[in-house]
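Have a look at the structure below, then the notes.
Numbering starts at 1 and runs along the sequence shown. FYI, side chains are in, hydrogens and waters are out, and symmetry mates aren't considered; it's all heavy atoms of this structure.
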Amino acid sequence: MDFELKTLTPSRVCSEKCDALVVLVPLNMAEGDDALSLLVEAATQRGDFERKPGKLLQAYRTSGIAATRLLLVGVGEGSAKNIRTAVTAAMGALKGGNAQRVVLCMSLLKDAGASHMQAAVLACGDAAYSYSATKSKVLPAKLQRAVVAVTSAAAAKAGFDKALGLVKGIALAKEWGNRPANHATPVMLAGAARELAKLPRIKAEILGPKEVAKLGMGSFMAVARGSEEPLRFIVLRYDGGLKADAPVVLVGKGITFDTGGISIKPASEMDEMKFDMCGAASVLGAFRALGELQPKLNVIGLIPSCENMPDGKAIKPGDVVTSMSGQTIEILNTDAEGRLVLCDALTYAERFKPSAVVDIATLTGACVVALGAVRSGLFSSDDALAQSLLNAGERSLDLCWRMPLDDEYADGLKSNFADVANIAGRAGGAVTAAKFLQRFAGKFPWAHLDIAGTAWKGGAAKGSTGRPVALLVEYLLAQAALPAKPLLLAKAKKVSIAVKTPAKPRVKAVRA
Ligand code: BES
Ligand code: MN
Ligand code: ZN
């Protein structure tokens with residue numbers, strides 16, 4: 001779908017020719033004597049239209065309105081969340097119809113800021129996405145163009161452009177999440193990363209089994225052993241900052257299919273384990289958005305990708321492997337494989353002397369039990385980083401919730417035969433998984449997002465959500481707006497010299 005931003009007053013909206021005019025109507029609408037405002041007032045007064053978020057009134061060939069179809073949709077108080085609800089409802093009502101060119105009118109909103117614009121465009125993009133990669137008949141998408149009407153396009157431009165970048169990133173994450181495991185192998189994910197490297201300032205480096213063995217990633221290799229598909233370790237770089245700026249590292253779990261391995265999963269709904277690479281897909285999506293938005297910071301994306309399969313060569317419960325960090329791991333359950341691939345990626349991240357490392361993973365069923373599909377689980381040993389991610393989630397309506405990391409949660413990870421076991425008891429499973437990862441993340445500020453409940457939907461609406469691309473990009477853009485942390489400071493921290501002096505603010509002109 002193409003988007004266009006246009007300045008249109010309510011009276012100009014009336015004469016705008018299109019297949020469908022979707023009008024966002026707030027409780028506190030300004031009075032006007034144009035056909036649209038009068039119609040809204042009349043419908044409200046007669047009790048035929050309620051301005052609660054998502055409530056609809058539809059009309060066809062209305063006098064005084066040039067659009068073929070008219071949809072009034074309530075946005076209540078007009079918050080970004082209400083706007084998302086409203087646009088989702090309106091786009092749902094248009095589905096199955098014949099509308100190709102839609103005008104989304106935000107001109108009746110009194111204070112539509114960047115977050116409102118973003119919510120509207122993202123909800124539109126979400127509704128316009130359709131999966132076709134493995135269907136034999138591909139119907140061309142009906143909805144082709146959305147014109148977003150506001151009272152001042154100049155004021156809304158920055159929010160609009162940011163939202164367009166996000167729509168592309170989210171669509172890419174959804175697409176790779178949705179593709180079945182035989183159409184989204186580790187090699188194919190690496191291909192997607194190579195494609196991204198065509199965008200400005202993005203580079204991709206792909207490591208295979210030989211290179212990974214040389215690095216000593218014994219834990220990652222152990223998971224990949226049971227599959228015929230060769231593993232890939234994907235390294236993406238976005239160089240938007242100065243050479244000396246410490247990067248943010250994103251690490252995405254890229255298990256392209258998780259059978260559980262020898263600790264095999266039950267058959268029911270096992271197909272959904274094709275989504276076990278949604279962390280990886282969110283990193284690809286974030287890079288797609290970075291390529292569009294070109295913010296001034298450095299970002300590294302790391303994706304350890306392989307299948308988790310049972311086989312004659314597969315790892316067995318009780319096997320002990322040596323991770324890249326040197327720590328030995330007793331694999332008591334081969335289905336706890338996400339942490340085994342992530343731990344080596346976290347160790348690899350050390351070489352970038354990062355300002356922060358955020359890993360994103362469909363890590364535990366326990367996180368689904370704890371938080372459901374509303375908020376992703378956020379774990380971090382660094383309060384400032386946790387707060388930045390929580391804030392980014394609120395701003396982008398891609399929510400997360402901070403979970404604890406008390407050391408007592410690690411008690412169950414003790415092993416008689418290795419430095420650490422890969423599982424603890426059943427209780428607090430999302431936290432014990434995070435505690436395992438934390439052992440490998442001691443050398444930088446670290447956060448972990450467990451997206452097991454939020455990355456995809458099951459049931460009739462089965463499909464990837466593209467979360468948490470919006471959260472990640474929102475966070476990265478906020479980092480780009482701050483003075484960058486030079487690499488040297490990160491280095492000093494690494495050798496654990498207490499560095500109290502804050503990083504010198506950089507001169508803006510130098511960074512341009
Ligand atoms: N990919 C799964 C987590 C998962 C399960 C996400 C169901 C969404 C829905 C992960 O690799 C896994 O199997 N985790 C185990 C860990 C357990 C063996 C400690 C789990 O959550 O059951
Ligand atoms: Mn598993
Ligand atoms: Zn898994």
Side-chain angles (χ1 to χ4, degrees), residues 1-6 8 13 16-24 56 58-61 65-71 73 84 86-106 117-149 160-161 163-184 188-189 191-192 195-196 198-199 274-275 278 281 284-285 288-289 291-292 456-457 459-467 469-470:
M1 174 142 82
D2 286 332
F3 288 90
E4 187 191 335
L5 184 64
K6 235 175 163 178
L8 291 175
V13 168
E16 187 75 8
K17 283 207 180 97
C18 58
D19 301 317
L21 171 62
V22 175
V23 186
L24 303 190
L56 289 168
Q58 302 198 49
Y60 198 73
R61 291 198 178 145
I65 307 283
T68 311
R69 265 175 93 161
L70 174 66
L71 278 88
V73 57
R84 177 171 73 180
V87 174
T88 304
M91 299 306 278
L94 286 177
K95 219 175 158 188
N98 218 359
Q100 290 177 4
R101 187 170 177 275
V102 176
V103 172
L104 188 64
C105 171
M106 297 178 73
M117 171 61 67
Q118 182 168 313
V121 173
L122 258 52
C124 236
D126 215 50
Y129 170 84
S130 84
Y131 176 81
S132 62
T134 47
K135 292 187 180 169
S136 66
K137 287 187 202 78
V138 182
L139 298 169
K142 285 238 172 76
L143 275 174
Q144 287 183 351
R145 192 170 187 76
V147 175
V148 185
F160 179 76
D161 287 347
L164 292 197
L166 273 170
V167 165
K168 290 194 173 132
I170 291 167
L172 186 77
K174 279 191 188 181
E175 182 59 27
W176 281 104
N178 285 334
R179 290 193 185 182
N182 62 335
H183 293 262
M188 292 176 197
L189 286 191
E195 273 300 303
L196 286 171
K198 292 179 181 166
L199 295 170
K274 71 171 184 176
F275 293 116
C278 281
L284 296 175
R288 178 75 183 86
E292 288 297 316
W456 78 90
K457 288 179 187 157
K462 193 188 285 178
S464 167
T465 60
R467 289 176 71 181
V469 171

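Rounded to the nearest 0.5 angstrom, L143 CG and K95 NZ are separated by 10.5 Å. Taking NZ from K174 and OG from S130, the interatomic distance works out to 9.5 Å, rounded to the nearest 0.5 Å. The line from CH2 of W456 to OG1 of T465 is 10.0 Å long, rounded to the nearest 0.5 Å. Considering CD of E292 and CG of L164, their distance stands at 8.5 Å, rounded to 0.5 Å. With rounding to the nearest 0.5 angstrom, the CD atom of Q118 is 5.0 Å from the CG atom of L166. Taking CG from N178 and NZ from K274, the interatomic distance works out to 5.5 Å, rounded to the nearest 0.5 Å.
Two residues are said to be in side-chain contact when any heavy atoms from C-beta on lie closer than 4.5 Å; V147 and V102 fail this criterion. Annotation: side chain of R145 is not in contact with side chain of M1 (no heavy-atom distance under 4.5 Å). Contact check for N182 versus T134: no side-chain heavy atoms found under the 4.5 Å cut-off. Side-chain contact between M188 and R179 is absent, with no heavy-atom pair separated by less than 4.5 Å. Between K6 and V148, every side-chain heavy-atom pair lies at or beyond the 4.5 Å cut-off. You'll find the side chain of V167 stays beyond 4.5 Å of the side chain of I170, heavy atoms only.
Panel note: side chain D19, backbone Q100; a donor-acceptor pair is recorded below 3.5 Å. Side-chain atoms of K457 do not come within 3.5 Å of backbone N or O of S464 as any donor-acceptor pair.
In this structure, A90 and V22 approach most closely via the heavy-atom pair CB-CG1, 3.6 Å. Looking at every heavy atom in both residues, C124 comes nearest to L104 through SG-CD2, 4.3 Å. Nearest heavy-atom pair across L21 and C105 is CD1-CB, 4.1 Å. For the pair T88 and A123, the tightest heavy-atom approach, listed with the atom from each and the gap, is OG1-CB, 3.8 Å. A pairwise comparison of heavy atoms in V87 and A120 identifies CG1-O, 3.8 Å as the closest pair. The shortest heavy-atom contact between L122 and A163 is CD1-O, 3.7 Å.
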(message) Walk me through whether L71 and V23 qualify under side-chain contact (heavy atoms from CB on, under 4.5 Å).
(response) CA-CA 6 Å; L71 278 88; V23 186; over 6 Å; no

(request) Starting from the C-alpha separation in whole Å, work towards a yes-or-no answer on side-chain contact (heavy atoms from CB on, under 4.5 Å) for H183 and W176. (result) CA-CA 9 Å; H183 293 262; W176 281 104; over 6 Å; no

(request) Start with the C-alpha gap between R101 and Q144, add the side-chain angles, then the distance that decides, and say whether side chain to side chain donor-acceptor pair (under 3.5 Å) holds. (result) CA-CA 6 Å; R101 187 170 177 275; Q144 287 183 351; over 6 Å; no

(request) Quick one: do R69 and L94 satisfy side-chain contact (heavy atoms from CB on, under 4.5 Å)? Show the steps, please. (result) CA-CA 9 Å; R69 265 175 93 161; L94 286 177; 3.7 Å; yes

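Between F3 and F160, the two ring planes are perpendicular [angle over 60°; tilted spans 30° to 60°].
With sequence neighbours excluded, no residue forms a side chain to side chain contact (heavy atoms under 4.5 Å, CB included) with A141.
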